[in-house]
Amino acid sequence: MTTRTPPEPERRAVYVSGRRLSLLDFGGPGRPLPALHGHFADGRTFTRLAGEPGDAVRVVALDQRRPLGDWPAGACPALLVRGSRSTVLSAEHARSMAARRLCTRRVELPAGHSVHETVPVEFAGSVRGFLGPL
């Protein structure tokens, strides 16, 4: 799999349960991969990440302006990535989040809070490993 240069993301919206959700779509031929982060309002922080998985994945970054209070509600498989040196998301909180949601895999990588920016190759490898069996 080769890294690709992602196009300029396209601002779009989707409606879920009657709510309009804004997102940035980084394009590409791969399966959509929602990139969620609790406080990055715009999602452009995922630009570098968008090219790492090559053509296998299409990164879609939701506009996160609301707390993720319904985190446990989903039943689809989820990957929770935490930087081992994060001072924002504690290891205990990450373990608690993973325990509350079915089908969640938790991964820790040697980084601070912005794992996808600090270790993008390792992050992309974790995402590929997670998506492979799905």
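Computed from a predicted structure; not experimentally measured.
Between Arg12 atom CZ and Asp25 atom CG the span is 4.5 Å, to the nearest 0.5 Å. Here Glu117 contributes atom CD and Phe123 contributes atom CZ; the two are 10.0 Å apart, rounded to the nearest 0.5 Å. Rounded to the nearest 0.5 angstrom, Arg101 CZ and Cys76 SG are separated by 5.0 Å.
Considering every non-hydrogen atom in both Ala94 and Leu80, the closest pair reads O-CD2, 3.4 Å. Across all their heavy atoms, Ser84 and Pro110 have their closest contact at OG-CA, 3.5 Å.
Side-chain contact between Val115 and His113 is absent, with no heavy-atom pair separated by less than 4.5 Å. The shortest distance between side-chain heavy atoms of Leu89 and Met97 falls below 4.5 Å. Using a 4.5 Å cut-off on side-chain heavy atoms (C-beta onward), Leu79 and Val127 make contact.
For Ala91, the side-chain contact (heavy atoms from CB on, under 4.5 Å) partners two or more places apart in sequence, or in a different chain, are Arg82, Arg95, Glu108. Looking at residues two or more places apart in sequence or on another chain, you find a side-chain contact (heavy atoms from CB on, under 4.5 Å) between Arg31 and Leu131, Leu134.
The main-chain N or O of Arg100 is never found under 3.5 Å from a side-chain atom of Thr104 such that the two would form a donor-acceptor pair.
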